[in-house]
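In what follows, chains carry the letters A, B, and so on, assigned in the order in which the sequence lines appear, proteins first and then strands, with residues in each chain numbered from 1.
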Protein chains: 2
Amino acid sequence: MPMSSSNRVPVPTLGRLATYLRVLTELEQAHTETVSSADVEQQTGINAAQFRKDLSYFGEFGKPGVGYSVARLQESIAAILKIDRRQPVVLVGAGNLGSALIGYPGLTEHQMDLVAVFDNNPQRIGCQVRNLYVQDIQRFATVNETLQARIAILAVPAGAAQRVAEVLVAADVRAILNFAPTLLRLPAAVVVRNVSFMQELAVLSYHVSSNEQEENGEEQAGEQNNSVRPILHST
Amino acid sequence: MPMSSSNRVPVPTLGRLATYLRVLTELEQAHTETVSSADVEQQTGINAAQFRKDLSYFGEFGKPGVGYSVARLQESIAAILKIDRRQPVVLVGAGNLGSALIGYPGLTEHQMDLVAVFDNNPQRIGCQVRNLYVQDIQRFATVNETLQARIAILAVPAGAAQRVAEVLVAADVRAILNFAPTLLRLPAAVVVRNVSFMQELAVLSYHVSSNEQEENGEEQAGEQNNSVRPILHST
DNA sequence: TGCTGTGAATTAGTTCACAGCG
DNA sequence: CGCTGTGAACTAATTCACAGCA
């Protein structure tokens with residue numbers, strides 16, 4: 001069997017790896033030893049060939065005629081995503097959303113160690129949220145010299161996001177999960193993922209009122225829904 | 001000038017429309033009357049041709065040599081996304097994340113009226129969160145007969161998500177913003193958008209440790225980053 | 001036989017490049 | 001001119017389809 005790895009990995013593949021990992025954990029808890037790409041399709045709605053192709057960017061993990069060892073594949077994907085060891089992560093912005101994220105169980109499950117929380121609001125600085133005390137963002141550079149966090153979660157208002165992001169980057173943060181609805185202009189070496197509820201709601205809103213006269217009975221499959229009939233213009 | 005509209009609209013286009021709307025609101029507040037696709041690119045990182053193409057699915061909104069009327073375009077996009085009038089939205093799951101979402105300003109900005117909150121936890125039922133009282137999910141069908149919400153935000157644990165989603169759909173919900181890390185199997189007519197922090201963190205985690213020896217100095221541009229050099233395999 | 005791994009084909013989405021209008 | 005709107009070219013991502021191994 002040929003070997004692979006070498007071409008560039010599509011970003012959507014990385015997202016799906018996280019999904020596979022989740023399913024593998026579930027299977028492991030159910031004491032399932034082996035899984036096929038067809039099983040994964042059943043559990044995730046992601047096409048079986050897609051699953052195999054996603055893995056093929058990183059190597060060969062299955063046995064023809066058999067499938068994949070749940071435990072082994074789990075380890076492999078964790079290694080690929082670098083979540084086979086704990087990663088220090090910082091949160092900036094201890095408002096509603098930020099505070100909610102501190103308790104998010106997915107963080108720990110993915111070996112993300114939320115090691116510090118920062119804010120610029122004197123009202124919040126010093127407050128305890130879960131097991132952490134909110135620190136002054138001014139101290140970020142100093143504190144992160146010790147923490148060495150490379151991933152940050154940015155949950156500040158849009159108006160502050162750019163400024164704060166620059167502070168983070170100056171203190172060696174290399175990846176930002178940005179919840180602020182604004183474009184961050186940062187050096188290309190910094191990876192930014194934007195989470196926008198607005199965008200998702202826009203998609204829903206558009207579809208809801210468009211769907212007035214739907215009529216097919218298929219089951220919904222996967223992660224991303226595709227294109228859709230349009231609406232009329234104006235002007 | 002030719003007319004358009006008629007082909008299917010890519011889903012990413014709908015998400016970007018929400019971004020354009022945000023920028024238009026900012027421009028309006030700055031009393032800017034007119035905007036060009038190049039200006040939009042500057043503000044959003046989204047390619048100017050992309051912006052024009054996105055709009056072209058719905059009609060013609062600009063004047064050659066001039067650009068777009070900020071106020072007019074704002075109205076048009078709001079109409080396309082059906083957020084030109086208030087939409088009732090329900091939230092299910094009053095845990096950390098759910099509670100945080102109740103206060104999310106983006107909801108109101110996008111004319112989403114959060115009209116009710118449900119949970120199944122007796123500890124939470126009856127509690128006040130912001131200006132709403134948490135109701136028993138058992139009463140959902142009855143309550144939604146009056147509310148007529150078609151959009152729901154699902155912020156319950158993964159184990160409960162499928163069951164709850166079916167309750168929602170039975171009560172005529174047609175679009176779900178799903179924060180639970182699990183595949184919802186629902187009739188195809190129901191639109192589901194999954195929000196997965198896990199996936200985003202996976203992408204960040206992968207990149208952080210891969211990026212160890214980067215060296216180009218470009219500015220980061222847009223909404224989605226693209227593919228990336230891979231890592232080694234195992235087995 | 002039942003599965004994987006993967007080139008090839010397909011489909012989707014983005015960007016270019018330019019005709020044509022104000 | 002300076003801009004839009006859009007067909008055409010391109011790039012990315014998904015899915016097919018099948019050779020080949022256990």
Side-chain angles (χ1 to χ4, degrees), chain A residues 1-17 20 33-42 44-70 72-73 76 203 221-228 230 233 235, chain B residues 1-17 20 33-42 44-70 72-73 76 203 221-228 230 233 235:
Chain A
M1 69 220 48
M3 140 243 62
S4 82
S5 140
S6 142
N7 237 331
R8 288 171 121 67
V9 182
V11 170
T13 291
L14 299 172
R16 286 188 299 261
L17 288 179
Y20 305 147
E33 305 246 305
T34 287
V35 69
S36 70
S37 60
D39 297 337
V40 171
E41 171 162 356
Q42 160 63 25
T44 61
I46 298 166
N47 178 288
Q50 179 80 80
F51 169 76
R52 297 197 302 272
K53 172 86 61 183
D54 283 341
L55 292 179
S56 78
Y57 292 111
F58 307 99
E60 299 185 11
F61 305 95
K63 285 210 219 318
V66 180
Y68 303 80
S69 148
V70 169
R72 208 96 72 74
L73 187 54
S76 302
V203 176
E223 300 283 289
Q224 49 255 65
N225 321 37
N226 279 320
S227 45
V228 134
H233 57 287
T235 294
Chain B
M1 66 218 51
M3 143 239 65
S4 82
S5 137
S6 141
N7 239 332
R8 289 172 119 67
V9 181
V11 170
T13 291
L14 298 172
R16 287 189 298 262
L17 288 179
Y20 305 147
E33 307 245 307
T34 289
V35 69
S36 71
S37 59
D39 297 338
V40 171
E41 171 162 356
Q42 160 63 23
T44 61
I46 298 166
N47 177 290
Q50 179 81 78
F51 169 76
R52 299 197 302 274
K53 172 83 69 181
D54 283 341
L55 292 179
S56 78
Y57 292 112
F58 305 99
E60 300 187 10
F61 304 95
K63 285 209 219 319
V66 181
Y68 302 81
S69 149
V70 170
R72 208 94 74 73
L73 187 55
S76 301
V203 176
E223 300 281 290
Q224 49 255 68
N225 321 38
N226 279 319
S227 43
V228 134
H233 55 290
T235 294

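- Comparing C:dG13, D:dC21, D:dA17 by their closest approach to the side chain of A:A49 singles out D:dA17.
- For A:Y68, the listed nucleotide lying nearest its side chain is C:dG5; candidates were C:dG5, D:dT15, C:dT15.
- Among the heavy atoms of the strands, none lies under 4.0 Å from A:T13.
- Distance CG (A:L55) to P (C:dT6): 11 Å, rounded to an integer number of Å.
- Among D:dT4, C:dG2, C:dT15, the nucleotide with an atom closest to any side-chain atom of B:Q50 is C:dT15.
- OP1 or OP2 of D:dC3 has not a single side-chain nitrogen or oxygen of B:S36 nearer than 4.0 Å.
- Rounded to whole Å, the distance from NZ on B:K63 to C1' on C:dG20 is 16 Å.
- Checking the phosphate oxygens (OP1, OP2) of D:dT14, a side-chain nitrogen or oxygen of A:R16 falls inside 4.0 Å.
- Note that CG of A:L55 and OH of A:Y68 are 5.5 Å apart. Values are rounded to the nearest 0.5 Å.
- One atom, CZ of B:F61, and another, P of D:dT6, lie 11 Å apart when rounded to the nearest Å.
- For A:P64, the listed nucleotide lying nearest its side chain is C:dG2; candidates were C:dT14, D:dT4, C:dG2.
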What's the verdict on ring-ring contact (aromatic ring centres under 6.0 Å, His included) for B:F61 and B:Y20, showing C-alpha distance, side-chain angles and the deciding distance?
CA-CA 13 Å; B:F61 304 95; B:Y20 305 147; over 10 Å; no
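- Between the CG atom of A:D54 and the C1' atom of D:dA12 there is a distance of 14 Å, given to the nearest Å.
- To the nearest 0.5 angstrom, A:R16 atom CZ is 4.0 Å from A:D54 atom CG.
- Residue B:K53 has its side chain nearest to C:dT15 when only D:dG2, C:dT15, C:dG2 are considered.
- Rounded to an integer number of Å, the gap from CD of A:E41 to C1' of C:dG2 is 16 Å.
- When distances run from any side-chain atom of B:P12 to the nucleotides D:dA13, C:dT14, C:dT4, the shortest one goes to C:dT14.
- Distance from the side chain of B:R52 is smallest to D:dG5 among D:dT14, D:dG2, D:dG5.
- Atoms OG and CD, from B:S36 and B:Q42 in turn, are 10.0 Å apart once rounded to the nearest 0.5 Å.
- With C:dC16, D:dT4, C:dT14 as the candidates, the nucleotide lying closest to the side chain of B:N47 is C:dC16.
- When rounded to the nearest whole Å, the span between CZ of A:F51 and P of D:dC16 equals 17 Å.
- Rounded to whole angstrom, the span from the CZ atom of B:R8 across to the C1' atom of C:dT11 amounts to 14 Å.
- Here the CZ atom belonging to A:F51 is positioned 9.0 Å from the CG atom belonging to A:L17, to the nearest 0.5 angstrom.
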